[in-house]
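These values consider heavy atoms only, across backbone and side chains, with no hydrogens, waters or symmetry-generated copies. Along the sequence shown, the residues carry numbers beginning at 1.
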Amino acid sequence: FFATPLIFTGLSVAIAFQAGLFNIGAEGQLMWGAMAAAIVGILGKNVPGGFAPVLAGIAAMVAGGIWGFIPGWLRARRGSHEVINTIMMNFIAIGITSYLTLYQFKTEENQIPETASVASQFMFTKWTWFGDTPLNAAFILALLTAIVVYFLLWRTTLGYEIRAVGDNEEASRTVGIDSGRIRIIAMSLAGAVAGLVGVNEILGASGKFRMGFSPEYGFIGIAVALLGRDRPLGVVAA
């Protein structure tokens, strides 16, 4: 259960590294992913059961992807370094999600800083053969995401362009690769993957957004990516 968010954030940082970027914003991106999943689960009481977790997962990816797109765009089009942007955006994400938790979707059951619970059809079934642990299908999703990231980076044209820009930006430009576009795409993908942490936390465990639920998964993901040498299988092993 604890490895699942680290796989997501490790993959997020690894994708950015492959494009020559340092994504220190996974913490903010996962916050938005978790908040988006919680909001969809709270408001989507009439969403059919089979489609409900999928919808929340897509929302988590989109929210995280948008939070990754912004520093990617700023780096590519304005020259603002992604390290500074992502650090600042982490604090902005914490501030806005805290406001939404306390003033827009606050639970009425207690005074704990958390949102109301998502509808029951959004929740994953916990794997009871592991006792009382909250391990759930999000772990399988993390492993599948690692496989998808591998094929994306090493078996597609886009993946080649991402790695080419990361290896040598000037050389990639001479062969017609738009490094700015690639960096925007890479940061957006990194944010989307980090946003999937919300699937594990919201749909697989707590069923609600809790302020401070992350023990800095986004920053630990940097170490995971480095230890795994920016390779999806290495990230899973790390």
Side-chain angles (χ1 to χ4, degrees), residues 1-12 26-27 29-65 97 100-101 104-110 112-152 189 191-218 220-221 224 232-233 235-238:
F1 174 74
F2 292 116
T4 301
L6 297 183
I7 293 174
F8 286 132
T9 56
L11 290 172
S12 172
E27 189 71 13
Q29 294 150 14
L30 70 87
M31 285 284 180
W32 270 116
M35 177 55 71
I39 292 174
V40 169
I42 293 169
L43 301 179
K45 292 181 170 52
N46 297 322
V47 176
F51 181 64
V54 176
L55 180 62
I58 292 173
M61 291 185 67
V62 171
T97 55
L100 293 173
T101 300
Q104 298 300 322
F105 299 98
K106 177 76 170 66
T107 180
E108 298 179 355
E109 298 175 357
N110 53 59
I112 299 174
E114 61 186 20
T115 66
S117 298
V118 303
S120 59
Q121 68 266 30
F122 284 88
M123 296 295 296
F124 289 149
T125 301
K126 294 182 176 64
W127 294 342
T128 56
W129 55 83
F130 288 104
D132 294 331
T133 67
L135 186 64
N136 58 83
F139 177 64
I140 300 300
L141 177 61
L143 298 180
L144 292 175
T145 302
I147 295 173
V148 170
V149 170
Y150 168 78
F151 276 97
L152 171 68
L189 290 173
V193 173
L196 286 174
V197 172
V199 173
N200 184 57
E201 173 64 25
I202 307 301
L203 310 185
S206 63
K208 58 188 70 175
F209 183 97
R210 290 172 173 164
M211 288 174 55
F213 76 87
S214 170
E216 298 190 341
Y217 287 131
I220 302 173
V224 171
L233 181 59
V235 166
V236 173

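Summarising the geometry, atom OG1 belonging to Thr145 is positioned 11.5 Å from atom CG belonging to Leu152; distances are rounded to the nearest 0.5 Å. Residue Phe139 holds its CZ atom at 10.5 Å from CG of Asn200, rounded to the nearest 0.5 Å. With rounding to the nearest 0.5 angstrom, the CZ atom of Phe2 is 9.5 Å from the OG1 atom of Thr133. Taking CG of Leu203 as the start and CG of Leu141 as the end, the distance is 10.0 Å to the nearest 0.5 Å. From Thr9, atom OG1 reaches atom OH of Tyr217 across 9.0 Å, with rounding to the nearest 0.5 Å. Here the straight-line distance linking atom OG1 of Thr97 with atom CG of Leu30 works out to 9.5 Å at 0.5 Å rounding.
In this structure, Lys208 and Ala116 approach most closely via the heavy-atom pair CB-O, 3.6 Å. The nearest pair of heavy atoms linking Ala59 to Ala36 is O-CB, 3.5 Å. Of all heavy-atom pairs between Phe124 and Pro53, the closest is CE2-CB, 3.6 Å. Minimum heavy-atom separation, Pro215 to Ile220: O-CD1, 3.6 Å. Of all heavy-atom pairs between Gly33 and Ala60, the closest is O-CB, 3.3 Å. Pairing each heavy atom of Val236 with each of Ala146, the nearest pair is CG2-CB, 3.7 Å.
The environment of CG in Asn46 is sparse: at most 12 heavy-atom neighbours from other residues, nucleotides or ligands sit within 6.0 Å. Other residues, nucleotides and ligands contribute at most 12 non-hydrogen atoms within 6.0 Å of the CG atom of Leu233. A 6.0 Å sphere centred on CD of Gln104 holds more than 12 heavy atoms belonging to other residues, nucleotides or ligands.
Ring orientation note: the planes of Trp127 and Trp129 are close to parallel, at an angle under 30° on the 30°/60° scale.
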> Between Phe213 and Ile202, does a side chain to side chain contact (heavy atoms under 4.5 Å, CB included) hold up when you go through it step by step?
Replying inline: CA-CA 10 Å; Phe213 76 87; Ile202 307 301; 5.7 Å; no
> Do Met35 and Thr101 pass the side chain to side chain contact (heavy atoms under 4.5 Å, CB included) test, and can you show the C-alpha distance, the side-chain angles, and the key distance before you say yes or no?
Replying inline: CA-CA 8 Å; Met35 177 55 71; Thr101 300; 3.3 Å; yes
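A donor-acceptor pair under 3.5 Å links the side-chain atoms of Gln121 to the main chain of Lys45, judged by distance alone. Checked by atom type and distance alone, the side chain of Glu114 never pairs as donor or acceptor with a backbone atom of Thr107 at under 3.5 Å. Under a 3.5 Å cut-off, the side chain of Thr115 and the backbone N or O of Phe209 do form a donor-acceptor pair. Side-chain atoms of Ser12 do not come within 3.5 Å of backbone N or O of Val193 as any donor-acceptor pair. A distance-only check finds a donor-acceptor pair linking the side chain of Glu27 to the backbone of Gly218 [under 3.5 Å].
Side-chain contact between Pro232 and Ile147: absent, with no pair of heavy atoms (C-beta onward) separated by less than 4.5 Å.
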